[in-house]
Amino acid sequence: MATTDGAKAACAGAAVVYHCAAPAYTAWVSEFPRMTDAIRGGAAAAGAKLVFADNLFAYGPVSAPMTEDMPSAASNPKGRVRAAMARSLPAAHEAGELRVAIGRASDYYGPRGVDTTVGETVFGAAVRGKVARWVGPLDQPHSFSYLPDFAKGLVLLGEDARADGQVWHIPTAEPLTGRRFLDLVFAESGGPDKSASVSRTMQRVLGLVNPTVRALGETWYQHDRPFVVDSTKFTETFGPLPATPHAEAIASTVAWFRAANA
């Protein structure tokens, strides 16, 4: 957990502070706001701009591609926490406390991307020849953010004053269904094509003994229907930020997981 003094020490001398930290998934409600407040205070003390790496939880259930002007309609605890932070940071910007920009990503993957729904349970399992478990139905289109692409977008937000005080969706490659995503993973891993879809019923059962799986029930709507990001605002403002094609991104991710599991 970031403390105020620790955050000030970490931010000292910085021109831009990138807030990409998060507490354990099950501790978001109790710890995330305090962590963010401490980092905001550290950035402000340093006279630095703060770029917050956010996700899409604040929107709640959607029926269309997500745009930055959608309301924060999440009713679950984690979504409300994300929405509250996304309101407080631009408010601090408007109050003149510090400069702020928010970059949002969908579910991510990439080298070192282990704490994600397609991390160890998909890439890690595939390189070990185990069953890759996909959360939700396999036939719904889903946007995924490749970590190096997300990082490039955050850097741009940190360097461009036009980003200040606003929320931005970092461009991603085209949405994929779970089935297509797994096909690409297995084609690259070269292992047996062994996969299973985690249904809502299975999630409830596994959640009885696993707090992280239990928490997935709060945001099941991110998995049982199209979950697609629209980054038009970003592209029209800053110009194209070409996303790495999924095949290339998945190849890099498989290579990292294979090396990590060697």
Side-chain angles (χ1 to χ4, degrees), residues 1-58 68 72 74 77-117 119-120 145-170 211-212 215 234 238 241 253 256 259-260:
M1 168 60 65
T3 64
T4 300
D5 290 343
K8 287 182 178 179
C11 297
V16 182
V17 172
Y18 294 91
H19 175 8
C20 304
Y25 187 61
T26 53
W28 277 15
V29 174
S30 61
E31 297 182 10
F32 218 154
R34 286 184 292 153
M35 171 186 285
T36 298
D37 286 346
I39 294 171
R40 183 181 73 189
K49 178 176 178 177
L50 177 63
V51 178
F52 179 43
D54 199 7
N55 65 10
L56 306 169
F57 277 46
E68 294 90 339
S72 297
K78 292 180 180 62
R80 291 199 302 269
V81 163
R82 283 285 190 174
M85 291 190 296
R87 288 191 297 268
S88 68
L89 293 175
H93 173 90
E94 290 297 323
E97 179 184 332
L98 77 170
R99 295 166 61 203
V100 171
I102 297 175
R104 285 183 172 159
S106 189
D107 292 302
Y108 64 83
Y109 72 96
R112 299 178 179 81
V114 294
D115 293 326
T116 170
T117 56
E120 287 293 346
S145 296
Y146 181 51
L147 281 173
D149 291 344
F150 186 47
K152 290 177 185 176
L154 292 178
V155 169
L156 189 153
L157 297 183
E159 295 177 343
D160 197 315
R162 291 175 295 175
D164 292 5
Q166 299 184 60
V167 174
W168 303 89
H169 291 170
I170 307 300
T212 301
F234 185 105
F238 305 114
L241 184 71
T253 307
W256 184 86

Locate the shortest heavy-atom distance separating A22 from W28; write the atom from each residue and the value. CB-NE1, 4.4 Å
Residues 18-27 vs salt bridge (charged side-chain N to carboxylate O under 4.0 Å, His left out), sequence neighbours excluded, gives none
Would you please name every residue forming a salt bridge (charged side-chain N to carboxylate O under 4.0 Å, His left out) with R82, sequence neighbours left out? D54
Side chain to side chain contact (heavy atoms under 4.5 Å, CB included) involving P33 - partner list, sequence neighbours excluded: V81
With sequence neighbours left out, write down each residue that passes side chain to side chain contact (heavy atoms under 4.5 Å, CB included) with A21, or none if nothing qualifies. H19, M35
Please name the pair of heavy atoms, one in A7 and one in A38, separated by the smallest distance, quoted to 0.1 Å. CB-O, 3.1 Å
Expected output: side-chain E68 to main-chain H169 donor-acceptor under 3.5 Å: yes
Greater than 12 external heavy atoms within 6.0 Å of R112's CZ: no
CA sep, side-chain torsions, deciding dist, call: L156, I170, side-chain contact (heavy atoms from CB on, under 4.5 Å): CA-CA 10 Å; L156 189 153; I170 307 300; over 6 Å; no
For S145 and S106, indicate whether the former's side chain and the latter's backbone hold a donor-acceptor pair under 3.5 Å. yes
Looking only at non-hydrogen atoms, find the nearest pair between P90 and V100 and report the distance. N-CG1, 4.4 Å
Can you sort out the partners of K78 under salt bridge (charged side-chain N to carboxylate O under 4.0 Å, His left out), two or more places apart, ordered by chain and number? E218
Residues passing the side chain to side chain donor-acceptor pair (under 3.5 Å) test with Q166, sequence neighbours excluded, are K233
Scan residues 5-18 for pairs that pass salt bridge (charged side-chain N to carboxylate O under 4.0 Å, His left out), counting only residues two or more places apart or in two chains. none
So CE of M85 and OG of S72: to nearest 0.5 Å the spacing works out to 11.5 Å
Holding to ring-ring contact (aromatic ring centres under 6.0 Å, His included), I want the full list of residues that pass it with F238, two or more places apart in sequence or in another chain. W168, F234
Sequence neighbours excluded and cut-off under 3.5 Å, please list the side-chain donor-acceptor pairs for residues 39-52, or say none.
unit_1: R40; atom_1: NE; unit_2: E97; atom_2: OE2; d: 3.3
unit_1: K49; atom_1: NZ; unit_2: L157; atom_2: O; d: 2.6
unit_1: K49; atom_1: NZ; unit_2: D160; atom_2: O; d: 3.1
unit_1: K49; atom_1: NZ; unit_2: D164; atom_2: OD1; d: 2.5

State which residues pass side chain to side chain contact (heavy atoms under 4.5 Å, CB included) with P148; sequence neighbours excluded, sorted by chain then number. Y146
If you measure from NZ on K152 to CG on L241, what distance do you get to the nearest 0.5 Å? 7.0 Å
For T116, which residues count as a side chain to side chain contact (heavy atoms under 4.5 Å, CB included) partner, sequence neighbours excluded? Y108, V118
State which residues pass ring-ring contact (aromatic ring centres under 6.0 Å, His included) with W256; sequence neighbours excluded, sorted by chain then number. none
From N55 CG over to I102 CD1, what is the distance, rounded to the nearest 0.5 angstrom? 11.0 Å
Heavy-atom pair with the smallest gap, counting every atom of G165 and H93: CA-CD2, 3.5 Å
